[in-house]
**Student:** 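Submitted below is the structure of interest, expressed as structure tokens.
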Amino acid sequence: MPELPEVETVCRGLENNIIGKKIASVFISDKKLRLPFPKNFSTDLKNKTIISVKRRARYIIIELDKELNILVHLGMTGKIIYQTKTPTPSLHDHCLISFSDKTSIIYNDPRRFGLIDLVKTSEIKNHKMLKNLGPEPLSKEFNAKYLQSKLENKQMNIKTAMMDNEIVVGVGNIYINESLFQSGISPLKAAGSLELNQLENLIINIKKILKKAIELGGSTLRDYVNLHGDVGGFQFNFAVYGRTGQKCIVCDGIIKKIKQNGRSSFYCPKCQH
DNA sequence: CACTCTCCCTGAAAGC
DNA sequence: TGCTTTCAGGGAGAGT
């Protein structure tokens, strides 16, 4: 499941491989992703050149010439695969962009939770999916004072609050579970009840974990983009995620699994308070 | 306004 | 073994 580090990895891979290339042809499937493909998608893209690849939250923004941008969200199961030979669309391939040098990128997404849209440069900031997003987790803007101001008086549990994209973007289920564990904070704790130093600690751990994951993702970047379309050697050793019933790695507590707002939370009841 | 629930979707895994 | 059920989860929008 692509969380922010994976999206960042994909962006860097695209940056290294498709900048300056000219789009020769575009194929789209007849199935719709979270939203249908924009009208005239294929014809609008034809003969455009890739200028840059950027990321905002978990969205990939592929900038083209003529003030046009492809907005991509990988959802749960979306993948972008770069190929140097002419591909034929296979199962769950929903968008295939071929360049004039015969290379291509393929968007594959079995569950179709992903999203592909076309946005004018002047309209990016006001795009429905982007306009209400909070700060990037690795930015200076995401600090304890800021977080305290957003969480004060909130009764909602801290875990759910941290997954709210208006508070901070790109902190998915796995990473918030791990970050709360590293911070010794129970996912059940009311968001507004945390002390400033606890928030500081939580933020440090979120940044640390995300950075580490990006580093690991980055190290296998070449494989990811060019060969298999999956993250090969990228392994994160989770302390709590998916470890229901197993022993805590720091005390003799047993990892517990609960549901919060329809999402699984994993924590050690003995060392997270 | 604050918060929770539902839905979208397929495939892997668990249950029977 | 094979069928059925559950679960996974990002994010918008509906519901309370």
Side-chain angles (χ1 to χ4, degrees), chain A residues 1-11 28-38 55-61 71-80 89-95 107-117 119 126-137 147-180 187-194 206 210 213 229-231 236 238 240-246 255-267:
Chain A
M1 61 221 71
E3 299 223 24
L4 185 135
E6 287 86 338
V7 177
E8 180 70 26
T9 301
V10 171
C11 277
I28 53 173
S29 74
D30 50 1
K31 296 244 175 81
K32 79 171 175 72
L33 301 177
R34 189 139 57 88
L35 296 176
F37 279 92
R55 180 187 61 73
R56 171 72 175 113
R58 261 179 274 220
Y59 290 91
I60 299 165
I61 301 169
L71 187 66
V72 182
H73 194 291
L74 300 176
M76 275 298 301
T77 51
K79 280 192 182 77
I80 294 179
S90 56
L91 188 65
H92 305 314
D93 286 349
H94 300 294
C95 181
Y107 179 84
N108 180 283
D109 188 356
R111 287 167 69 177
R112 312 202 318 258
F113 274 24
L115 167 75
I116 297 182
D117 201 5
V119 201
N126 294 317
H127 190 278
K128 188 171 74 166
M129 307 298 185
L130 303 178
K131 66 177 176 188
N132 292 323
L133 294 177
E136 290 288 329
L147 193 55
Q148 189 179 48
S149 73
K150 295 297 273 190
L151 298 184
E152 63 186 350
N153 302 322
K154 272 206 189 298
Q155 300 303 305
M156 182 195 289
N157 67 70
I158 182 67
K159 195 255 188 173
T160 303
M162 297 305 289
M163 291 185 70
D164 180 347
N165 279 333
E166 290 191 26
I167 292 174
V168 61
V169 300
V171 183
N173 200 38
I174 292 176
Y175 294 116
I176 190 58
N177 272 296
E178 293 296 313
S179 302
L180 286 169
L188 294 161
K189 191 111 174 141
S193 72
L194 292 166
I206 288 172
L210 289 176
D230 62 36
V231 248
F236 211 93
F238 300 128
V240 288
Y241 187 83
R243 294 192 66 246
T244 317
Q246 296 180 40
I255 305 305
K256 199 174 167 183
K257 176 183 176 176
I258 56 169
K259 281 253 176 194
Q260 293 179 290
N261 277 70
R263 297 284 178 266
S264 292
S265 299
F266 303 87
Y267 69 109

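Because the structure is a prediction, the values reported are computed rather than measured. Chain A is the first sequence line, chain B the second, and so forth, proteins listed ahead of strands; every chain is numbered from 1.
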**Student:** Which value, rounded to the nearest 0.5 Å, describes the distance between A:Asn108 atom CG and A:Asp93 atom CG?
**Tutor:**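 These two atoms lie 4.5 Å from each other.
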**Student:** Could you go step by step and tell me if A:Leu4 and A:Tyr175 meet the side-chain contact (heavy atoms from CB on, under 4.5 Å) rule?
**Tutor:** CA-CA 10 Å; A:Leu4 185 135; A:Tyr175 294 116; over 6 Å; no
**Student:** Just call it for A:Asp109: base, sugar-phosphate, or nothing, with non-hydrogen atoms closer than 4.0 Å on any strand.
**Tutor:**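 Counting heavy atoms under 4.0 Å across all strands, no contact is made by A:Asp109.
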**Student:** What is the separation between atom OH on A:Tyr59 and atom C1' on C:dA12, rounded to the nearest whole Å?
**Tutor:** 9 Å
**Student:** Please round to 10 degrees the angle between the axis of the first five pairs and the axis of the last five pairs in the helix from B:dA2-C:dT16 to B:dC16-C:dG2.
**Tutor:**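 End-to-end axis angle: 60°.
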**Student:** Just by modelled atom types, is the A:Lys31 backbone N or O under 3.5 Å from a matching donor or acceptor in the A:His94 side chain?
**Tutor:** no
**Student:** To the nearest Å, how far apart are A:Asn173 CG and C:dG11 P?
**Tutor:** 12 Å
**Student:** So do the side chains of A:Tyr267 and A:Ile258 get within less than 4.5 Å of each other, counting heavy atoms only?
**Tutor:** yes
**Student:** Starting at atom CG of A:Asn177, determine the distance to atom P of C:dG10, rounded to an integer number of angstrom.
**Tutor:** 10 Å
**Student:** Just how far, in rounded Å, is C1' of C:dG10 from OH of A:Tyr175?
**Tutor:** 15 Å
**Student:** Rounded at 0.5 Å granularity, tell me how far CD1 in A:Ile158 sits from OG in A:Ser193.
**Tutor:**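 A:Ile158 CD1 to A:Ser193 OG: 8.0 Å, rounded to 0.5 Å.
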**Student:** Check whether any side-chain heavy atom of A:Val119 sits under 4.5 Å from a side-chain heavy atom of A:Met129, and report yes or no.
**Tutor:** no
**Student:** Please tell me if A:Arg58 has a side-chain N or O lying less than 4.0 Å from either OP1 or OP2 of C:dG11.
**Tutor:** yes
**Student:** Send over the distance from A:Leu71 CG to C:dA12 P, rounded to a whole Å.
**Tutor:**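 One finds 11 Å between P of C:dA12 and CG of A:Leu71, rounded.
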**Student:** Going through the distances and angles, do A:Thr244 and A:Phe266 end up as a side-chain contact (heavy atoms from CB on, under 4.5 Å)?
**Tutor:** CA-CA 7 Å; A:Thr244 317; A:Phe266 303 87; 3.1 Å; yes
**Student:** Just how far is it from atom CG of A:Leu35 to atom CG of A:Leu115, taken to the nearest 0.5 Å?
**Tutor:** 5.0 Å
**Student:** Quick one: is C:dC7 close enough that its OP1 or OP2 comes under 4.0 Å of any side-chain N or O from A:Lys257?
**Tutor:** no
**Student:** Pick out which of A:Lys159, A:Gln260, A:Glu178 makes a side-chain hydrogen bond (donor to acceptor under 3.5 Å, both in side chains) with A:Asn173.
**Tutor:**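 Looking at A:Lys159, A:Gln260, A:Glu178, the match for A:Asn173 under the side-chain hydrogen bond (donor to acceptor under 3.5 Å, both in side chains) is A:Lys159.
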**Student:** On a plain distance test, is the side chain of A:Arg34 in donor-acceptor contact with the base of C:dG11 below 3.5 Å?
**Tutor:** no
**Student:** Encode nucleotides 9-16 of chain B as B, S and - characters from 5' to 3', where the letter depends on protein heavy atoms closer than 4.0 Å: B to the base, S only to sugar-phosphate, - to neither.
**Tutor:** BBS-----
**Student:** Give, ordered by number, those residues of residues 127-137 of chain A having at least one heavy-atom distance below 4.0 Å to an atom of DNA chain C; if nothing qualifies, reply none.
**Tutor:** A:Lys128, A:Met129
**Student:** In this structure, which one of A:Ile176, A:Val169, A:Val168 forms a side-chain contact (heavy atoms from CB on, under 4.5 Å) with A:Met163?
**Tutor:**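 Answer to the side-chain contact (heavy atoms from CB on, under 4.5 Å) test with A:Met163 among A:Ile176, A:Val169, A:Val168: A:Ile176.
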**Student:** Tell me: CG of A:Leu35 to P of C:dG11, nearest whole Å?
**Tutor:** 13 Å
**Student:** How would you list, by chain and number, every residue that makes a side chain to side chain contact (heavy atoms under 4.5 Å, CB included) with A:Pro38, sequence neighbours excluded?
**Tutor:** A:Phe41, A:Asp117, A:Leu118
**Student:** So which protein nitrogen or oxygen atoms get under 3.5 Å of nucleotides 3-5 of chain B's nitrogens or oxygens?
**Tutor:**
{"from": "B:dC3", "atom 1": "OP1", "to": "A:Gln155", "atom 2": "N", "distance (Å)": "2.9"}
{"from": "B:dC3", "atom 1": "OP2", "to": "A:Lys154", "atom 2": "NZ", "distance (Å)": "3.0"}

**Student:** Roughly how many Å is it from CZ in A:Arg263 to C1' in B:dC8, rounded to a whole number?
**Tutor:** 11 Å
**Student:** Rounded to the Å, how far apart are A:Ile176 CD1 and C:dG11 C1'?
**Tutor:** 17 Å
**Student:** Looking at NZ of A:Lys259 and OG of A:Ser264, how far apart are the two atoms once the value is rounded to the nearest 0.5 Å?
**Tutor:** 4.5 Å
**Student:** Taking the six-membered ring for Trp, are A:His73 and A:Tyr59 parallel (under 30°), tilted (30 to 60°) or perpendicular (over 60°)?
**Tutor:** perpendicular
**Student:** For A:Arg55, which residues count as a salt bridge (charged side-chain N to carboxylate O under 4.0 Å, His left out) partner, sequence neighbours excluded?
**Tutor:**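 Residues passing salt bridge (charged side-chain N to carboxylate O under 4.0 Å, His left out) with A:Arg55: A:Glu8, A:Glu136.
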